[in-house]
Amino acid sequence: MTATIPALPSQYDPTTTEAKWQKFWEENQVFRADPDHPGEPYCIVIPPPNVTGSLHMGHAFEHSLIDVLIRYHRMIGRNTLWLPGTDHASIAVQTLLEKELKAQGKNRYDVGRDAFLERAWQWKEASGGTIVGQLRRLGLSVDWTRERFTMDEGLSSAVLEAFVTLYDEGLIYRGEYLVNWCPASQSAVSDLEVENQEVNGHLWHIRYPLTDGFGAIEVATTRPETMLGDTAVAVNPADDRYKHLIGRTVLLPILNREIPIIADEFVDASFGTGCVKVTPAHDPNDFEMGKRHQLPFINIMNKDGSLNENAGPFQGQDRFVARKNVVDQLASIDALVRVEEYRHTVPYSDRGKAPIEPLLSTQWFVKIRPMADRALEFLDQQTSPVFVPERWTKVYRDWLVSLKDWCISRQLWWGHQIPAWYVVSETGGQLADQTPFVVARNETEAREKAIAQFGEKVDLVQDPDVLDTWFSAGLWPFSTLGWPHQTVDLERYYPTTTLVTGFDIIFFWVARMTMMAGHFTGQMPFQTVYIHGLVRDENNKKMSKSANNGIDPLLLIDRYGTDALRYTLIKEVAGAGQDIRLEYNRKTDESASVEASRNFTNKLWNASRFVLMNLGDYDFLVLTAELEKNLRSSKLRTQNSLELADFWIVSRFHQTVAQTRQHIDQYGLGEAAKGLYEFIWGDFCDWYIELVKSRLQGEDAHSKQAAQQVLAYVLEGILKLLHPFMPHITEEIWQTLVQSGQATLPTDGTTLALQPYPIADRDLINADLEQQFDLLIGTIRTIRNLRADSDIKPGTKISTVLQSESDRECQILTAGAAYIKDLAKVEALTIRPSTPGCTSGTATVDSTFQPDNQRLLVIGGVGLGIIFVIKIIQALLGALDELPLVPGFLQLVGFGYILWFIYRYLLSETTREELYQRYQAIVESSLGQISLATPEPVPQLVASPQPQMAAGVVGTVQVLIPLAGVVDVAALRGKLEKDLAKIEAEVQSLSNRLGNPGFINKAPAEVVQNTRTTLEEAEKQATILRDRLNQL
RNA sequence: AGUCCUGUAGCUCAAUGGUGGAGCAUCUGUCUUACAAACAGAGGGUUGCAGGUUCAAAUCCUGCCAGGACUACCA
């Protein structure tokens, strides 16, 4: 059975493993959603990546987060669906294809609409799968059988339905407005597709002479060519400098057009000269002013960005050429006052990468107000959707309140063509702005409508424009599930549970989905919106194409594995929604943080190898079933050879289960991931595995078996807990573990991904036990620490004395004596009580050791030990009888001890048992030394003189290690003094606090009590250290 | 300009108002029979600055400073 195990390499190789399981999951349709599954639905629709895109770190981050949520909910029994897909990205695809055509010396009009679209579909078939293939490498548990595309048949019909309905309801209209024009793509774009960039420009000051000949007025502009379209100059009505000019006219230079000086509140008298040139057809503010004052709207620009016939001598020139020429001419006619260097923001087209021109044109718009108000109602009255983190609610709300009508038409071909047909027969066969139109689901329906209105002889031409990609994206959560048809999926999975996305598209996408969903489905499309942060680069900058600072996730996956990358991204998230930073070295393509996660996968791999190597011939189910039975039948007793360490790790495990679930339920994915790291590496690998090693190699078959059971049980639990975060490696190990060492692909599709997530069993969590273990761990650490400080070689076995005045501490130490000896490499361990105020040199087994004559001394020592015990008994009797007659210091000490001893050990049965165990431990440790072959430190059972000892404190346990050979007293002293100084500072601080009446009176009693307890302990530690120092 | 987020060890981040902890990195030891991608140990802090509230502030309030994001832009 275990034959395959030794063949496992000592380093985990993610490359083959990850590909193997990705293929397995997909082939077995493990993630295919079943509407009939009994669980409560848990559905997430993917934020559709752009079909032209390739995987960037933002995708990797977002999808890792979603996959954790999805895998977790699938494992806790929810009916889970993660629906994937892509959007068609009108402008991006069109730009790409036009570039191709341009390389062939053609444009889209040369090839025609149909051929162009054919090419587009060909391109989509050939290259549109890139991003989808890359998503697969992330190991996402999406249901590929339900993959959608915004231009597939179903979604296209949803778009039609939505458009026609909105139009019929008067929520879509057509009109002439100023839109953001992208001369590069020659299309309108929405406000949101505009990216403002700071540029170094100029502010040109131009003089406009008054037509009546007396003086001139000075205006300033960053776009001097627009002066050709000026139809007024505006001043603030309250501006005393210009009041007298209002109503008079100026002569526009070059064109010599007479334009009025108007008064408008919009003008800021304090900026520049306080005079503004007004170009209503080329500036949004001027557009509003133009409407207010009924000014003429003069459009001076063609759609390609060149100037038109209204630009007079500059007709045909590109806008930037014209700008220079206009400036030159203004200078030549002395109308240019001055040129100022000026830093300002210029709107750029997000896709076309060219400066936007505000341009007057006829477009289609969605009337936003009624839909936004509906979404606001859901938010204000039903707190729907819920935003995580909560602060984004305000951003979302502000946006809904201030939304303006949405321009949805794009002068492009790739996309959903607008279902409006112009009755061109009414306008002489031409499609003009005023041509009447009908809106319908298809041409047949359009023709019927047109005939009804305009008679039999109608010629129809469909609107050539397409809809904004976000129009179809706004329908995504329900159109992908089948809307407008009432499908089983829509019934079962809508509204979806959670939407996970970045805050940069709350406006673009989230608000549009809520508006559309509110309107068409009467409910919000998701219950919760989890807004995650950005991935920043190593310099804390947002990763973006324009900054070219992206880090390729595939490069990191190749180097470290998908699991490592996913885990890194998730572990970095603090709380919900915080930005994360990714360490990266651009020269070597290495990332320290991903490497750390890779190391973690390797740690898990090796821990699992260890477990598998030590399980022998086993049947996984039998092994864990047996343990379950034993854990529950006898809890903390040890009849089943389960011991302290076993109960401890089981308790820690269930604690971790509870904590992990709680974190994930509250979107604390980073905390959950970090918690698992600590448990797996810290508790399980560093402590538990080390603790069971001797049992696995020991003689006690029952103890060995118990350890095997616990190892298997906890390891399987770990794999389940970690699966949502690191799906591949956990699947690989789990398959091997449950197949009793075989690592074959299961033929029945059995997978970790469908196993139930661990449930925390409160009965197995034992806080007291964990606390006890903390003392053992602390003690082991202190001994190791003293060893290192004292230059004791790691391989050397030593003697150690642990002394505490606390019964409880002595009990714990005794119970864990074997662990301490094992992990701190202690050969002779003495645990003994110390009376208060008498922390060393009592009449118990003394801790004086000498490095020679060991054999003789040991024999003598054992003898003396026996005599010592007898003496105690004698002293007990003697003291009772002869107390007044036996003076002397030693006897008094002995008597004090005896009284304490009786009280402590002899009055009850349990403490008598403890005494016996202690005695056993002492005997064992002494006998252990007899078998030593080489000279070792050995206890000399004489009270004085004091030896050289390394000393430390943990809790109120004094840890003493006798030192052999030449001892650096100064170093010992330095160490002790340093420790003491630290403790004394703490004592001082605590005393001060307790000496403050305000604190005693006002602080909660519990806090005061805790402070007192801490002070007592600190004082004890200080006493111990001072004592030790005195004896040096 | 407005809104929001973030300033804690060299780096990345923790700490229900109760007196600052991890992981990486560094340094020192160790190839101890799962793992050197490891193990054991150590050092490292005026919590951005200045006030205020409080018995008590990294935490709450105010103002600055720095970084970042978003929105709107003044021609």
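Just so you know, these numbers use all the heavy atoms, side chains as well, and skip hydrogens, waters and symmetry mates. Naming convention: chains lettered A, B, ... in sequence-line order (proteins, then strands); numbering from 1 in each chain.
Look at A:Glu572 and A:Arg536 and you find no salt bridge, because none of the NZ, NE, NH1 or NH2 atoms lies under 4.0 Å from a carboxylate O. Note on A:Arg292 versus A:Asp264: salt bridge recorded, some NZ/NE/NH1/NH2 to OD/OE distance being below 4.0 Å. Between A:Arg559 and A:Glu590, at least one side-chain N (NZ, or NE/NH1/NH2) sits under 4.0 Å from a carboxylate O, which counts as a salt bridge.
Comparing the P positions of B:U12 and B:A50 gives an interatomic distance of 23 Å, to the nearest angstrom. Straight-line distance between the C1' atoms of B:C5 and B:G10: roughly 25 Å, to the nearest whole Å. B:G18 and B:A57 are spaced 10 Å apart, taking the C1' atom of each and rounding to whole Å. Of the C1' atoms belonging to B:C39 and B:A34, the separation is 12 Å, rounded to the nearest Å. Rounded to whole Å, the separation between the C1' atoms of B:U53 and B:G41 comes to 44 Å. Separating the C1' atom of B:G7 from that of B:U47 is a span of 10 Å, rounded to the nearest Å. The P atoms of B:A25 and B:A37 are separated by 11 Å, rounded to the nearest whole Å. B:U59 sits 12 Å from B:U19 when the C1' atoms are compared, rounded to a whole Å.
Remark: B:A75 base-pairs with no nucleotide; criterion is Watson-Crick or G-U wobble with both hydrogen-bond distances under 3.5 Å. Judged by Watson-Crick or G-U wobble contacts below 3.5 Å, the nucleotide B:C13 has B:G21 as its partner. Remark: B:U30 base-pairs with B:A38; criterion is Watson-Crick or G-U wobble with both hydrogen-bond distances under 3.5 Å. B:A66 is paired with B:U6 under the Watson-Crick or G-U wobble criterion, all donor-acceptor distances under 3.5 Å.
Checked against B:A34, B:A69, B:A75, the side chain of A:Phe503 finds its nearest nucleotide in B:A69. Listed nucleotides: B:C13, B:A38, B:A75. Nearest to the side chain of A:Lys674: B:C13. For A:Ala607, counting side-chain heavy atoms from C-beta on, the closest listed nucleotide (B:G41, B:A34, B:U19) is B:A34. The A:Arg781 side chain lies nearest to B:G41 when the options are B:G41, B:A38, B:A75. Considering only side-chain atoms of A:Pro794, the nucleotide from B:C55, B:A34, B:U30 that sits closest is B:U30. For A:Val1007, the listed nucleotide lying nearest its side chain is B:G18; candidates were B:G18, B:A37, B:A75. Nearest nucleotide to the side chain of A:Leu534, out of B:A69, B:A75, B:U32: B:A69.
Residue A:Pro997 is classed as having no contact, given no heavy-atom separation below 4.0 Å to the nucleic acid. Note on A:Arg581: only backbone sugar-phosphate atoms sit closer than 4.0 angstrom, heavy atoms only; bases stay farther off. Residue contacts for A:Cys275: at a heavy-atom cut-off of 4.0 Å it reaches no nucleic acid atom on any strand shown. The residue A:Ile1000 sits apart from the nucleic acid: no heavy atom pair falls under 4.0 Å. Backbone-only contact: A:Asp686 has heavy atoms under 4.0 Å from sugar-phosphate atoms and none from a base. Note on A:Thr222: only backbone sugar-phosphate atoms sit closer than 4.0 angstrom, heavy atoms only; bases stay farther off. Counting any heavy atom pair closer than 4.0 Å across all strands shown, A:Glu572 reaches sugar-phosphate atoms only and no base atom. At a threshold of 4.0 angstrom between heavy atoms, the contacts of A:Asp268 include nucleobase atoms, whether or not backbone atoms are also involved. Base contact: A:Glu690 has a heavy atom under 4.0 Å from a base atom. At the heavy-atom level, A:Arg787 lies nowhere under 4.0 Å from the strands shown.
Residues A:Ala234 and A:Met289 approach most closely at CB-SD, 3.9 Å, considering heavy atoms. Contact detail for A:Glu690 and A:Asp822: the closest heavy-atom pair is O-OD2, 4.4 Å. For A:Pro224 against A:Val326, the heavy-atom pair with the smallest separation is O-CG1, 3.9 Å.
For A:Asp283 (side chain) and A:Pro358 (main-chain N/O), no donor-acceptor pair under 3.5 Å exists by modelled atom type.
In this structure, A:Leu1015 places its CG atom 14 Å from P of B:U19, rounding to the nearest Å. To the nearest angstrom, P of B:G41 lies 16 Å from NZ of A:Lys978. Between A:Tyr342 atom OH and B:A75 atom C1' the separation is 8 Å, expressed in whole Å. One can place CZ of A:Phe266 at 15 Å from P of B:A72, the figure rounded to the nearest angstrom. Rounded to an integer number of Å, the gap from A:Asp537 CG to B:A69 C1' is 14 Å. In this structure, A:Leu786 atom CG and B:G29 atom C1' are separated by 16 Å, rounded to whole Å. The CZ-P distance, from A:Arg609 to B:C35, rounds to 6 Å in whole Å. The CD1-P distance, from A:Ile733 to B:C35, rounds to 15 Å in whole Å.
Summary of the strand contacts: A:Asn602 and A:Asn996 both lie near RNA chain B, and taking for each the nucleotide with the nearest heavy atom, the more 5' one is attributed to A:Asn602.
A close approach under 4.0 Å does not occur between any side-chain nitrogen or oxygen of A:Lys975 and OP1 or OP2 of B:A42. A:Lys693 has a side-chain polar atom (N or O) that falls below the 4.0 Å cut-off from OP1 or OP2 of B:A34. Contact check, A:Arg391 against B:C4: no side-chain N or O comes under 4.0 Å of OP1 or OP2. Listed pair A:Asn606 / B:A38 fails the phosphate criterion, with no side-chain N or O lying under 4.0 Å from OP1 or OP2.
Using a 4.5 Å cut-off on side-chain heavy atoms (C-beta onward), A:Arg566 and A:Phe725 make no contact.
Atom CG of A:Leu737 sits about 12.0 Å away from atom OG1 of A:Thr730, to the nearest 0.5 Å.
Between the side chain of A:Arg784 and the base of B:A40, no donor-acceptor pair of N or O atoms lies under 3.5 Å.
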Check the interface with nucleotides 21-26 of chain B: list each N/O to N/O pair with the protein under 3.5 Å, or write none.
none

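Aromatic pair A:Trp605/A:Tyr12: ring centres closer than 6.0 Å.
Side chains of A:Ser593 and A:Lys571: no donor on one and acceptor on the other come within 3.5 Å.
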